[in-house]
Amino acid sequence: MAGKVLIIGGGPAGLEAARCVAQLGGEAILVEKRERLGGTPDRESYAKLTHHWRDSGEAIGELVAAVTGNPRVQVKTQAEVKAVSGQAGQFQVRIECGGVSEDVQVASIIVATGFQHFDPGRATQFYNYYTFPDVITLTDLEKMLKEHKVVRPSNGLPPKRIAFIQCVGSRDRQLGNEYCSKVCCGIASKQAVELRQQLPDSKVMIFYIDMRMYGYWENEIYWVAQEQYKVNYVKGVISEVLKKGDQLLIRGEDTTLGRPMEVTMDLVVLSVGMEPSAGTRQIAQLLGVKQNKYGFIEAGGPGGLDPVATSVPGIFVAGAAAGPADLNDAFSMAGLAAARAVAVLYQTQVA
Amino acid sequence: MAPIEKAVAIEKENVIVDGMDISGPWSRIFEQRTIFDYTPELIEKVASIPGAESFANCYQCAKCVAVCPVDVVGNYGPRKLYRYAQTGMDLSEAPQLWLCTTCANCLRVCPKEVNMVRIMPAVREQAILDGKFVPAELQQAFENTAKYGNPLGQPQRKRDAWTQNAGVPVPILKDLGRPVDVLWYVGSYPSYHPRGIDAACAAARIFNALGIDFAILGKEEKDDADSQRLAGEKGLFEMMAEYNIATFNKYEWKEMVVTGPHELNAFKNVYPRYGFSRPVVHYTTFLVRYLDRLKPLLKHPIHKKVTYHDPCYLGRHNGEYEAPRQLLQAIPGLELVEMPRNRENGFCCGGGGGGMWMDSFTAQHTTMRLSEKRAMEAAATGADILAVACPFEVSRFEDAVKSTGNEHMRVLDILELLDRSMRGDVEI
């Protein structure tokens, strides 16, 4: 075995990939742009994870600890990959770290540069996110849940009636985001439960097109929200959010009854989807790996069945850089990407 | 094609039970309630018509229904039409085919780009070709357009008769014998309808006051026929377009100004498919360029509360929301108030897509006219005046303010308001 594995991105997928490379006996260089590891869950102050309702800070902390104390992983924070050349087995990489450039040689690369949340200002504005302070996003609410201080931004008082609107920025041909963002149904339901725990007097409603609670999310999140925490699910997504007095009026159609709805709310939460992060777009260009029409890194390989193969041999992708992913997806991909990347190290020795 | 057969209840005109007359309006509780089958065929039947393909894209999210004006006064919306088709409704034979006004508010919010503005004309055209039901009053408007060159059925030779009332010169291109800066396409309603003529005369006076070098086509002008196209008469539309394009091209002019948003849509967005691509603007967009010259002319304040109704074909279809508002705000003393549904979310008056000529038919399938619903919204703002910028609207809303008991609210075209502020001697 010869050479090292470069991992770009210190979020859940990158951290897990680094740990796996080390477990398989390889050596990894982990490059992270921010000063801290932990990725989006850390940066956006996630409260609880859909994974067994674990505290996000604690769970991500464990991932970080597994890497920072590991002699086989060299962690570079506030560092960016500036140039890459060469091919599988011998990539020359220029890393800039604290104003200092360094050239390293690696045998394989794992891209784990992640996603960013959809910005409702990019949409046609009909939910008035930038007009009404009480229209917020999943990420805005997540921060408040973490601090155990959920209030209406307009008046600082706890909301009594809260609505989630699903599929904001996803499944939309007009926006160009045709894909399902996969996690928002679960996150909204998880947050609805947390809201009911923190504000037991509140009424929480989720307006949806389809609830996509695949696998165990059905019974672990969806049913828990509905049965234990009395979250109201209404089939029929909201068309517009208007102002009515000091409340918000949401308008839509209850599709199971075929009747119009006009319901007042104190707080409206937009279930924003996933888009490729700026880092993912940048690094894809730099590495010359193919992106799909949405800007995510195209994965699948020649046969379409390798979820971590990019268009360039020796470069692999893990997590939401390749498309909407939850933590399970990110960890599974990270493990497979680590195995493939370490396999290149073995092949390099043979050659 | 296998439409789903449904049980049909026996409907009698008069029912007398034990000597007691229990006749009354038909109740929906007697209608078939159980769904016996689902069929993809009737969705495919629609989607197989060129232009109507996107009908099949609906994934039932229902965003469209909440913004569909017809659902406010009835039971409608693209999502519902899709589901009805799935459960046995043949759109080409259903009354629902004629209720859409092509206002495009559904398309604005549709994540799947189900485009009723293309679907409805395509399916209507097919229905007309197949000899299916067509509302009689719409048929009449088609015939008038073919025969007289305008949907009102007025004689062609009287098309420029209105100019006698303008009080200012209204040059006609044929007589002028020289190129002009502006060809003003007046339109059918401003040429013939009494309240449309008021707006046309106001426009003539404004153009004169601003020193615009303009002329009209006079007796050579014929209807743009865009609403007839949207109502399904593509053949008629093409015939009219061919005539109009040839007429437009006979003369030298730099820019065309139109009184109506439907004409704007026709000449700017549709006629280019038939080889016509010269600059066309709506009068609001045109006049706003002259705001500096116009403002000193607006000498007489209008101390009134005014709300503005966005025409679908000026706003959503052509993106002009600000020019009309800027013109209104240029009038001294005028207070502009907004209705809750404005700009991109403006509420349709019911006149588009052929709705202008189907009011009696539509009344059978809705609880009130869209113009009535909108007039009530306008009145709720406390406005003294409902300002409009589409020649269809003055007559529609004048009827609506009467039928809804809001006669205190005047309906005036922006042209009329500008003219009155200029002249000052006319009562509002």
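Just so it is clear: chains get the letters A, B, ... in the order the sequence lines come, proteins before strands, and each one is counted from 1.
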For [X], is it the side chain, the backbone, both, or neither that has a heavy atom closer than 4.5 Å to a heavy atom of chain A?
X: B/Lys112; value: both
X: B/Arg343; value: neither
X: B/Arg79; value: side chain

Item to check | A/Lys182 and A/Arg212, any side-chain heavy atoms less than 4.5 Å apart | outcome: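 Contact flag for A/Arg212/A/Lys182 side chains = no.
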Checklist entry - Can you find a pair of side-chain heavy atoms, one from B/Met120 and one from B/Leu97, that are under 4.5 Å apart? => result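 With C-beta onward as the side chain, the pair touches.
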Checklist entry - Side chain, backbone, both or neither: which part of A/Glu253 has an atom under 4.5 Å from a heavy atom of chain B? => result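 When you check distances to chain B, atoms from both the backbone and side chain of A/Glu253 fall under 4.5 Å.
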Item to check | Short side-chain to backbone donor-acceptor contact, A/Lys235 and A/Ile209, under 3.5 Å | outcome: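 Confirmed, A/Lys235 side chain pairs with A/Ile209 backbone.
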Checklist entry - Most heavy-atom pairs under 4.5 angstrom with chain A, which of B/Gln60, B/Lys63, B/Arg83? => result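 Answer, by heavy-atom pair count under 4.5 Å with chain A: B/Lys63.
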Item to check | SB check A/Lys190 A/Glu194 (cutoff 4.0 Å) | outcome: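 Yes.
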Item to check | Ion pair check, B/Asp310 and B/Arg374, cut-off under 4.0 Å | outcome: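 So B/Asp310 does not pair with B/Arg374 through a salt bridge.
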